[in-house]
Amino acid sequence: MKVKYELVDECDKARYGILHTNHGDFETPMFMPVGTQATVKTLSPEELKDMKSAIILSNTYHLWLRPGEDIVNKAGGLHKFMNYDGPILTDSGGFQVFSLAKNKKKDIVEEGVLFKSHLDGKKLFLTPELSIQIQNKLDSDIAMSFDECPPASASYEYLKNSIERTLRWAKRGKDVHSNKNQSLFGIIQGGPHEDLRKYSAIETVKMDFDGYSIGGVANDGESKDDMYKAIDYSIPYIPKDKPRYLMGVGDPVDIIEGVIRGIDMFDCVLPTRLARHGNAFTHNGKINIKNAKYKEDFTPIESTCDCYTCKHYTKAYIRHLITSDETFGARLLSIHNIRFLIKLTEELRVAIKEKNIYEYREKFLQNYLGDKYDKNIKG
RNA sequence: GCGGAUAUGGUGAAGGGGUUAACACGGCGGAUUGUGGUUCCGUUAUGCUAGGGUUCGAAUCCCUAUAUCCGCC
């Protein structure tokens with residue numbers, strides 16, 4: 001069965017809906033924690049469930065190299081392999097071509113991309129067909145098209161050629177996609193340019209994917225303004241009965257801005273990466289638990305938070321774990337940070353249903369940004 | 001008691017007369033958006049045990065004191 005999006009309620013452009021999948025239904029907007037190597041770093045599937053995480057993202061490129069898609073397939077697919085029975089989305093590897101080969105030699109040609117393995121330097125050639133075939137074998141619920149993810153610095157001319165190629169790649173991938181239980185999402189590119197996003201969106205939608213994502217907004221150095229433009233210029237051309245996924249976004253402010261603009265799904269490494277580096281989201285902004293001021297702070301990160309970490313542990317203790325390089329510290333912060341974003345989407349859903357999303361945003365941003373809050377931010 | 005060695009930041013230390021005292025760890029702060037991340041970036045000794053001297057110039061040379069260490073009575 002392919003995923004099916006059910007639109008339940010709207011508040012201006014923001015949508016509240018349900019996505020039906022083979023591994024359960026979940027409400028949108030939703031945040032997807034990232035489990036690149038078939039694990040959300042430091043967390044067990046049970047813990048993810050406890051924090052109401054409904055769908056996770058894993059990665060084609062990494063699983064292709066290790067352990068290999070055939071091993072995962074023999075294990076009975078990704079769900080069985082990693083003991084996770086909720087929905088899983090796999091990224092196509094398109095982003096890795098960009099991020100792993102950043103500043104390194106890579107050849108993007110019509111056929112695919114030639115680049116080097118981050119494990120042993122071996123030459124690799126990834127094509128749209130191969131990406132889809134790997135994802136078919138991984139047996140994720142949602143596969144992503146293999147796209148080119150150009151850097152923020154890409155010129156208009158470059159982007160124009162790039163989105164044409166990405167469209168051809170999308171078609172090639174779709175043509176070989178054979179897993180009937182797996183959905184396939186198309187990816188809209190085009191940088192911050194209205195005409196390119198419009199063109200990319202219209203042409204991608206023509207191919208009739210099961211869902212659509214907006215890519216190229218969280219690579220390196222894109223401004224928030226460009227991100228919001230990319231969304232605004234793409235959304236009008238995506239059919240309302242299909243899920244919309246903003247790739248790579250997980251800053252709380254961006255999630256709110258994305259939801260207000262009509263996004264249903266987000267994924268980001270931020271909550272887990274920040275955790276490993278000692279940072280925690282709070283309603284008053286991001287904090288660095290390593291700061292000396294928390295040395296004797298025997299209160300939870302947020303007393304109002306319902307996560308396992310905040311119910312049982314103090315900032316002083318977590319600070320001790322992080323400064324001592326104990327992985328339990330990264331675990332506790334990962335639990336809190338992911339729960340923070342999941343809860344944020346829960347609250348956004350309520351705000352959509354209660355038709356007060358703009359009030360919610362204003363209140364959230366005032367607390368979160370504090371002095372930096374700009375009353376001129378517009379939706 | 002005699003002889004010798006060594007004294008540089010929170011720590012380990014480089015520098016053996018010439019502009020703002022290397023580097024590492026630690027400390028303090030920051031970054032992080034489809035995870036090559038126990039990562040990356042800033043900052044951290046107005047001073048080289050103390051006092052005196054030589055010199056245009058001393059952490060660097062000389063003297064004295066003090067401390068520590070190693071030998072020998």
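Every chain is numbered from 1, with letters handed out A, B, ... down the list of sequences. Scope of the values below: all heavy atoms of this structure, side chains included, with no hydrogens, waters or symmetry mates.
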- Linking directly or through intermediates, with side-chain heavy atoms under 4.5 Å: list the remaining ILVMFWY members grouped with A/Ile202, chain and number order. A/Tyr237
- Message: Just to be sure I follow the notation: if a pair is Watson-Crick (purine N1 to pyrimidine N3 plus N6-O4 or O6-N4) or a G-U wobble (N1-O2 and O6-N3), each under 3.5 Å, what dot-bracket string does RNA chain B give, with | for pairs to another strand?
- Response: ((((((((.[[[..)..(....]]]((((((.......))))))....[[[[[..)....]]]]]))))))).
- Query: For A/His118, which residues count as a side-chain hydrogen bond (donor to acceptor under 3.5 Å, both in side chains) partner, sequence neighbours excluded?
  - Reply: A/Tyr61
- Message: Expected output is a numbered-order residue list: members of residues 169-206 of chain A with a heavy atom under 4.0 Å from any atom of RNA chain B. What is it?
- Response: A/Ile187, A/Gln189
- Query: When you measure from every atom of RNA chain B, which of residues 46-61 of chain A have a heavy atom less than 4.0 Å away?
  - Reply: A/Leu57, A/Asn59
Anything under 3.5 Å between a protein N or O and an N or O of nucleotides 30-32 of chain B, put it in a table, one pair a line.
| unit_1 | atom_1 | unit_2 | atom_2 | d |
| --- | --- | --- | --- | --- |
| B/G30 | OP2 | A/Asn288 | ND2 | 3.4 |
| B/G30 | OP2 | A/Asn291 | ND2 | 3.0 |
| B/A31 | OP2 | A/Lys286 | NZ | 3.3 |
| B/U32 | O2 | A/His277 | ND1 | 3.0 |
| B/U32 | O4 | A/Asn279 | OD1 | 2.4 |
| B/U32 | O4 | A/Asn279 | ND2 | 3.3 |

Between the protein and nucleotides 9-11 of chain B, list the N/O to N/O atom pairs that are separated by less than 3.5 angstrom.
none

Quick one: list whatever passes salt bridge (charged side-chain N to carboxylate O under 4.0 Å, His left out) with [X], sequence neighbours left out.
{"X": "A/Lys240", "value": "A/Glu10"}
{"X": "A/Asp195", "value": "none"}
{"X": "A/Glu69", "value": "none"}

- Inter- and intrachain pairs under side-chain hydrogen bond (donor to acceptor under 3.5 Å, both in side chains), touching residues 269-289 of chain A, at least two apart: A/His283-A/Glu302
- Query: Taking N and O atoms by type only, does the side chain of A/Ser99 place a donor or acceptor under 3.5 Å from a partner on the base of B/U35?
  - Reply: no
Can you give each donor-acceptor pair under 3.5 Å made by side-chain atoms of residues 37-44 of chain A, sequence neighbours left out, with the distance rounded to 0.1 Å?
| unit_1 | atom_1 | unit_2 | atom_2 | d |
| --- | --- | --- | --- | --- |
| A/Ser44 | OG | A/Glu47 | N | 3.2 |
| A/Ser44 | OG | A/Glu47 | OE1 | 3.3 |

